[in-house]
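Reading through the C-alpha cells given below for one structure.
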Amino acid sequence: MAISARPDSIGQGRVLRLLRDEGSTSRAQLGELAGMTRSKLEAEVARLIQVGLIQEGGKAASRGGRRSTMVELSPFLHFGGVDLGASSMRVAVLNAELQVKAHVAESVDLRRGPELVLGRATELIEKLARDLGVQLAGIGVGVPGPVRFREGMPVSPPIMPGWHEYPVRDIIARRFGCPVLVDNDVNVMAVGEHWGGVAKSVENYLFVKIGTGIGCGILIRGEVYRGIDGCAGDIGHINVDPDGPVCACGNSGCLEAMFGGAALVRDALAAARAGRSEALAERLARKSEITAEDVGQCAAEGDAVAVGLIRDGGQRVGLVLAGLVSFFNPSMIVIGGGLAGLGHVLLAEIRGVVYRRSLPLATGNLPIVLSELGSSAGVVGAAVMISDHVFSIP
Ligand SMILES: [Zn+2]
C-alpha cells in the first residue's frame, strides 16, 4: 500500500514528527508534547487517521480517569536511505519510526559515473522494498561532495567526475514516484547522529567524517548549516602542507591528500614496498593489496610504521579541528566514517592535539567521541531528512 498523503497543517506535521521520535504515544501525552488542546489534537489526529498516515493502537496505561487510546504511525509507512561513499554504498529501508528494517552495503567506484552507480543504488532499494513488501513514502540520499540542496544535484565534486550538476534527486524521484532529497553525505550523517546517536541532545556540534576523503557536517541550533553554495564544512581541502602531495581537487597539500582512506593506503603501500614495515609488506605479499583496515590491524598488532601513519594522520586532523574549535566553539565533535574504525590510536591523537592547541575555554567541556551509529549514521540521517520533509506541509 502506497501512502502519499502529507499533513495539511503545522500541527499535523508536529504530531507526525513526535510519533516518529517517540513511537506509539497516548493521546493525552501527545497533546502535552505537541502543546495542543484536547479538541485541537483530536481534530488533527482524526485527519491523519483518515488519510492513513497514523492509526490507533491499544489502550494506554490508566493515568486516572478514562484511559486514553494510543496512536502510532502507519506500519505501511516506509522510507529509503542511501549513503553513497567514494568506495562503498549503503542502502536501507526504514519504518516510520526510523528503525532499519533491511539494509545492504556493497563496494562501488563513484568514478564510474552517475548512470551506473545510481542504477545500482535504485536496483538495491527496489529489491529491499520488494522483499519487505512495502512502498516508499520518500527517499533520502547522501553523496560525498558539495550539493546544491534546493536542486538536489552535486556541484563540482572533486572525487566524483561526471556527477557535476547531474539531477540525482529528479532521476530517483521519477523512478520511485515519491519525494527525494539529496544532501552532502556528512551533513546527512550529522543529522543522523543528532537524531539517534551520541549527539542526541546536542544542538551545536561538528560531525567529522574520515573515510576515503574527509568532510565535516555543521549543526547549528539543530539545523544543518550548508553555506551559501552548499560546500560549508569541506575541510578535506584545507591546506595543511604547502609542499604536500597533489589532491583530487587540483591543489597541493590538502588535508585529505595527506590523510584519509586513500592517502593512508598510498602511504602504507609505499612503506611496504620500501621494506620499512614487515607487517605491511607481508600483507601486501599475501593479498596483493593493502586496505585502511589492514593498516589498523597492523597497528593493533604493534607495527610501529602502521601506528606512525595513524598518529601522523591524527595530528593533521587534530590541527585542523583545533582551528575549527577556535572558530566555531562547538559543544561536541563526533568522529565517524570508515577510518573511525582505526579507533583508539586515531582518537587519542586527535584529542591530544585539539586539547593542546585550542583555548582552554573552548575545550573545557568539549567531548571528542566516536559516532555511535557508526556505518548506519548515513542511512538513518537520510531517512530523518526525508521524513522531516514528508511530515511537513507541501
Ligand atoms: Zn583538495
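From a predicted model like this one, the values you see are computed outputs, not experimental measurements. All values below come from the heavy atoms of this structure, side chains included, with hydrogens, waters and symmetry mates left out. Numbering of ligands and ligand atoms starts at 1, following listing order.
Each protein N, O or S atom less than 2.8 Å from the Zn ion (ligand 1) was counted, giving 4.
Ionic pairing of Arg316 and Glu349 is not present here: no N-O contact between side-chain nitrogen and carboxylate oxygen is shorter than 4.0 angstrom. With respect to Asp170 and Arg174, no salt bridge is recorded, no charged nitrogen being found less than 4.0 Å from a carboxylate O.
Remark: side-chain polar atoms of Ser387 are paired, donor with acceptor, to backbone N or O of Val384 under 3.5 angstrom. Remark: side-chain polar atoms of His194 are paired, donor with acceptor, to backbone N or O of Val202 under 3.5 angstrom.
Using modelled atom types, one finds no donor on one side chain facing an acceptor on the other under 3.5 Å when comparing Ser358 with Thr363.
Under a 4.5 Å side-chain heavy-atom cut-off, the cluster of Ile, Leu, Val, Met, Phe, Trp and Tyr residues that includes Leu116 has no other member.
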